[in-house]
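Order of the sequence lines fixes the chain letters, A, B, ..., with proteins taken first and strands second; residue numbering starts at 1 for each chain. Hydrogens, waters and symmetry mates are skipped; everything else that's a heavy atom, side chains included, is used.
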Protein chains: 2
Amino acid sequence: MNKRFRLLETPTIKQAYQIVHKGILGHRNIIIIGNCWVEYNGRASSKLEPGERIVIIKRDGSVLVHRPRDYAPINWQPPGSLFKTMIRNNSIYIRAYKTKENESLEIIFDKIYLVASLRLIDTGEFYLYASEKDMHDAIMIEPSLIEEGFNPLVMERPVESGFIDILGVDNKGRLTVIEVKRKIAGKEAVLQLEKYVKVLKKSTGKKVRGILVGPEISKGVQALLATLNLEFIPVSPKDCYEILGIGRNKKITEFSLDEI
Amino acid sequence: MNKRFRLLETPTIKQAYQIVHKGILGHRNIIIIGNCWVEYNGRASSKLEPGERIVIIKRDGSVLVHRPRDYAPINWQPPGSLFKTMIRNNSIYIRAYKTKENESLEIIFDKIYLVASLRLIDTGEFYLYASEKDMHDAIMIEPSLIEEGFNPLVMERPVESGFIDILGVDNKGRLTVIEVKRKIAGKEAVLQLEKYVKVLKKSTGKKVRGILVGPEISKGVQALLATLNLEFIPVSPKDCYEILGIGRNKKITEFSLDEI
DNA sequence: TAATAAATGTCGTTT
DNA sequence: AAACGACGTTTATTA
């Protein structure tokens with residue numbers, strides 16, 4: 001009786017309880033579809049009144065309560081939750097809690113349309129391209145993305161209160177700070193850049209260029225950029241993707257090694 | 001043949017395709033469990049190699065690809081996606097795309113353990129307590145949370161580049177800006193508060209008090225707070241929750257009738 | 001539509 | 001454990 005997939009359609013509460021209870025003990029993935037209500041207490045408190053929902057309990061102890069709409073779960077519990085289940089009033093009580101964080105989620109089902117307990121096998125790799133880090137790499141490989149004669153020196157240079165994405169020297173020998181954004185750069189990006197420029201000005205005593213790099217800059221902050229004497233140079237993630245080469249697949253799990 | 005729940009265990013690709021295709025057309029909620037691989041192109045690009053996953057397609061056009069672990073979906077598409085489905089090489093292709101944002105998610109299943117098409121009915125209300133807004137309300141109702149004699153004047157007061165959470169006058173008649181955080185206040189909170197104080201100082205020409213309110217302040221920024229001549233007063237979400245009263249239920253979402 | 005701030009943000013990494 | 005920044009953040013609100 002250790003099948004990879006156990007599934008019951010419109011089970012009784014008792015039958016469903018068996019599946020859920022054993023599934024949680026066996027660290028399986030569980031899906032429950034039925035009528036339920038939910039209470040959450042922790043960083044905030046919430047109450048969800050009865051309705052038909054999809055609940056997923058994962059083997060790492062994460063819980064998701066999904067309504068028929070919306071990307072985000074209406075209630076959830078992060079990985080590492082502990083569980084307590086019971087039957088009362090012909091309903092299934094599922095409590096997922098974290099003692100240290102003092103957070104608890106209680107889901108009560110009084111009608112179940114489908115319950116499944118699964119041992120899923122998923123070893124597939126996940127690759128993500130054209131992340132902000134990829135953009136850094138692309139600029140290091142092809143500095144002319146910034147401007148002719150730009151000479152990048154170091155990536156991820158630590159300074160007080162943060163990291164300078166790229167630090168380099170321009171074609172006139174001026175120290176240049178580059179702040180990279182993968183999407184439209186807003187006020188925070190400009191302020192971040194200004195902060196690094198300030199720090200470097202102070203520590204070197206010389207003039208320092210600050211360049212914001214990204215696909216676009218939000219209209220509202222162009223004035224701020226000018227006021228602070230900073231520059232914007234448009235570079236899209238796509239440009240970087242192409243420079244890195246279509247064949248270059250960067251495994252997410254290998255980022256750290258790659259970086260060093 | 002318009003049952004609220006349609007479900008097939010280990011269907012053929014053709015059978016599963018029928019369920020998925022019709023389900024998407026009928027704006028139903030769809031769950032697919034099986035072996036799949038995924039490609040995403042949009043703000044970034046990603047590739048997920050084959051494995052067994054749970055895919056949820058919701059009636060609002062959101063898509064979630066869940067691995068057996070982790071709270072977050074490994075791939076997804078926000079609500080409002082358009083769909084294209086087809087069979088090729090005895091596999092089901094599901095493309096969820098957004099033309100305007102130029103984002104596309106392609107999921108390919110070659111083996112399906114379970115497919116379900118559901119018309120879920122969920123009209124239950126959702127209530128959330130002790131949000132940051134609740135904290136604002138509590139301070140307006142019980143200003144002594146800040147200090148004796150504090151007199152709050154306006155909430156959400158717009159100023160250039162943002163909103164002052166609460167603007168009031170202290171027991172010595174000084175204009176006072178209050179910035180509320182529901183969790184440990186970090187550097188951003190202090191800088192935000194300072195920005196608003198600065199703006200008000202400039203526009204009034206008078207001295208302005210700035211008070212950061214929240215459950216806690218991060219250790220590192222206490223010095224910054226002092227330097228900027230700002231104050232911190234501890235108030236927890238729980239305090240506010242109690243002032244607002246257990247009976248006070250705040251409606252977050254009212255589901256429209258198109259749910260039915 | 002763009003911009004801005006909140007979120008039970010989550011998820012890493014570094015101190 | 002706390003702090004800090006990035007995220008395909010998402011979501012809501014407002015100009």
Side-chain angles (χ1 to χ4, degrees), chain A residues 38-46 62-63 65 70-79 98 100-105 126 128-136 156 158 160-163 165 179-189 192 216-221 237 252-253 255-256 259, chain B residues 38 40-46 62 65 70-79 98 100-105 126 128-136 156 158-165 179-189 192 195-196 216-222 237 252-253:
Chain A
V38 185
E39 235 186 272
Y40 161 75
N41 281 288
R43 285 167 288 180
S45 298
S46 76
S62 43
V63 183
V65 181
D70 306 329
Y71 157 80
I74 183 70
N75 278 116
W76 71 93
Q77 197 67 286
K98 306 196 105 184
K100 207 166 56 64
E101 292 89 348
N102 197 30
E103 288 200 291
S104 122
L105 182 72
F126 180 67
L128 182 63
Y129 319 90
S131 62
E132 195 176 287
K133 251 186 177 122
D134 285 335
M135 293 182 70
H136 298 176
E156 307 289 329
E160 68 178 74
S161 76
F163 288 81
D165 285 344
E179 175 67 30
V180 179
K181 291 291 161 194
R182 187 167 26 72
K183 46 174 194 170
I184 298 172
K187 197 189 298 177
E188 351 62 60
Q192 212 175 332
E216 213 178 313
I217 183 167
S218 70
K219 228 193 243 171
V221 297
I252 286 291
T253 49
F255 261 142
S256 43
E259 230 54 63
Chain B
V38 185
Y40 161 76
N41 282 287
R43 285 167 287 180
S45 298
S46 77
S62 44
V65 180
D70 304 329
Y71 157 80
I74 183 70
N75 277 115
W76 71 93
Q77 198 66 288
K98 305 196 105 184
K100 206 167 56 66
E101 291 89 348
N102 197 32
E103 288 197 294
S104 121
L105 181 72
F126 180 66
L128 181 64
Y129 319 90
S131 64
E132 195 176 286
K133 222 171 188 134
D134 286 334
M135 293 182 71
H136 298 177
E156 307 289 330
V159 288
E160 72 178 70
S161 75
F163 288 80
I164 292 172
D165 285 344
E179 175 68 29
V180 180
K181 292 290 163 196
R182 72 177 306 291
K183 50 174 192 172
I184 298 172
K187 200 189 296 178
E188 350 62 60
Q192 211 174 333
K195 188 177 67 180
Y196 296 142
E216 214 179 314
I217 184 168
S218 70
K219 231 192 242 168
V221 297
Q222 287 180 354
I252 290 290
T253 323

Practice item. Using whole Å, report how far CG of A:D70 lies from C1' of D:dT9. Key: 16 Å
Point to revise | Distance below 4.0 Å between B:W76 side-chain N/O and D:dT9 OP1 or OP2 | key: no
Check your understanding: Does C:dA6 have OP1 or OP2 sitting under 4.0 Å from an N or O in the side chain of A:R43?
Key -> no
Check your understanding: How far apart are the closest heavy atoms of A:L105 and A:V63, and which atoms are they?
Key -> CD2-CG1, 4.0 Å
Review point. Listed by chain and number, what are the side chain to side chain contact (heavy atoms under 4.5 Å, CB included) partners of B:E156, not counting sequence neighbours?
Key: B:H136, B:F163
**Study point:** Residues that B:N41 engages under side chain to side chain contact (heavy atoms under 4.5 Å, CB included), provided they are two or more places apart
**Key:** B:E39, B:S45
Review point. With nearest nucleotides of DNA chain D determined for A:D165 and A:Y71 from heavy-atom distances, which residue corresponds to the more 5′ nucleotide?
Key: A:D165
**Study point:** Gap in Å between the two C1' atoms, one belonging to D:dC7 and one to C:dA7, rounded
**Key:** 14 Å
Exercise for review: With sequence neighbours excluded, tell me which residues meet side chain to side chain contact (heavy atoms under 4.5 Å, CB included) with A:P73.
Suggested key: A:L64, A:H66, A:W76, B:Y71
**Study point:** Atom-pair distance (CD on A:E156; P on C:dG12), nearest Å
**Key:** 17 Å
Exercise for review: Could you tell me which residues satisfy side chain to side chain donor-acceptor pair (under 3.5 Å) with B:N75, sequence neighbours excluded, listed by chain and number?
Suggested key: B:S46
**Study point:** Separation of atom CD in B:Q77 from atom P in D:dG8, rounded to whole Å
**Key:** 13 Å
Review point. For the residue pair A:K181 and A:M135, what are the closest heavy atoms and their distance?
Key: O-CE, 3.6 Å
Check your understanding: Can you list the residues that meet the side chain to side chain donor-acceptor pair (under 3.5 Å) rule with A:S104, with sequence neighbours excluded?
Key -> A:R95
Study note, to complete from the structure: Heavy-atom nearest nucleotide on DNA chain D taken for B:V221 and for B:E103; more 5' hit belongs to B:V221
Study note, to complete from the structure: Nearest heavy-atom approach of B:K98 to B:P79 is NZ-O, 2.9 Å
Check your understanding: If you write DNA chain D from 5' to 3' in dot-bracket form, with Watson-Crick or G-U pairs under 3.5 Å, [ ] for crossing pairs and | for pairs with another strand, what do you get?
Key -> |||||||.|||||||
Point to revise | Sequence-distant partners of A:E103, side chain to side chain donor-acceptor pair (under 3.5 Å), two or more places apart | key: A:Y40, A:R43
Check your understanding: Contact class for A:Y40 (heavy atom, under 4.0 Å): base, sugar-phosphate, or nothing?
Key -> base
Check your understanding: When rounded to the nearest Å, what value does the distance between C1' atoms of D:dG5 and D:dT9 take?
Key -> 12 Å
Point to revise | For the student: nearest non-hydrogen atoms of A:Y129 and A:D134, plus distance | key: C-OD2, 3.2 Å
Practice item. Nearest whole angstrom, please: distance from the C1' of C:dA7 to the OH of B:Y129. Key: 18 Å
Check your understanding: For the side chain of B:K195, counting heavy atoms from C-beta on, which of D:dG8, C:dA5, C:dT8 is nearest?
Key -> C:dA5
Review point. Got a sec, which residues hit side chain to side chain donor-acceptor pair (under 3.5 Å) with B:E188, two or more places apart in sequence or on another chain?
Key: none
Exercise for review: Answer with base, sugar-phosphate or nothing: what part of the nucleic acid does B:E179 contact at a heavy-atom distance below 4.0 Å?
Suggested key: sugar-phosphate
Exercise for review: Determine the contact category for A:N41: base if any of its heavy atoms lies under 4.0 Å from a base atom, sugar-phosphate if only primed atoms, P, OP1 or OP2 are that close, otherwise nothing.
Suggested key: nothing
Review point. Whole-Å distance between D:dA6 C1' and A:K133 NZ?
Key: 9 Å
Check your understanding: Closer to the 5' end of DNA chain C via nearest nucleotide, is it A:A44 or A:P79?
Key -> A:A44
Can you check nucleotides 1-3 of chain D for protein contacts, nitrogen or oxygen pairs under 3.5 Å, and list what you find?
| unit_1 | atom_1 | unit_2 | atom_2 | d |
| --- | --- | --- | --- | --- |
| D:dA1 | OP2 | A:K100 | NZ | 3.4 |
| D:dA3 | OP1 | B:K219 | N | 2.5 |

Practice item. Output the single nucleotide from D:dT11, C:dA6, D:dA6 whose closest atom is nearest the side chain of A:E132. Key: D:dA6
Check your understanding: For the pair made of CD1 in B:I74 and C1' in D:dG8, what is the distance, rounded to whole Å?
Key -> 11 Å
Review point. Whole-Å distance between D:dC7 P and A:E188 CD?
Key: 12 Å
**Study point:** Per-pair stack call B:F163 and C:dA5, 5.5 Å, 30°
**Key:** no
Practice item. In whole angstrom, give me the gap between the P atoms of C:dT8 and C:dT4. Key: 23 Å
Check your understanding: Given C:dT4, is OP1 or OP2 found less than 4.0 Å from the side-chain N or O atoms of B:Q192?
Key -> no
Point to revise | Separation of the P atoms in D:dG8 and D:dC4, to the nearest angstrom | key: 23 Å
Check your understanding: For the pair made of NZ in B:K181 and C1' in C:dA6, what is the distance, rounded to whole Å?
Key -> 7 Å
Check your understanding: For D:dC7, does either OP1 or OP2 sit under 4.0 Å from a side-chain N or O belonging to A:R182?
Key -> yes
Check your understanding: Touch check for B:P78, heavy atoms < 4.0 angstrom, all strands: base, sugar-phosphate only, or nothing?
Key -> base
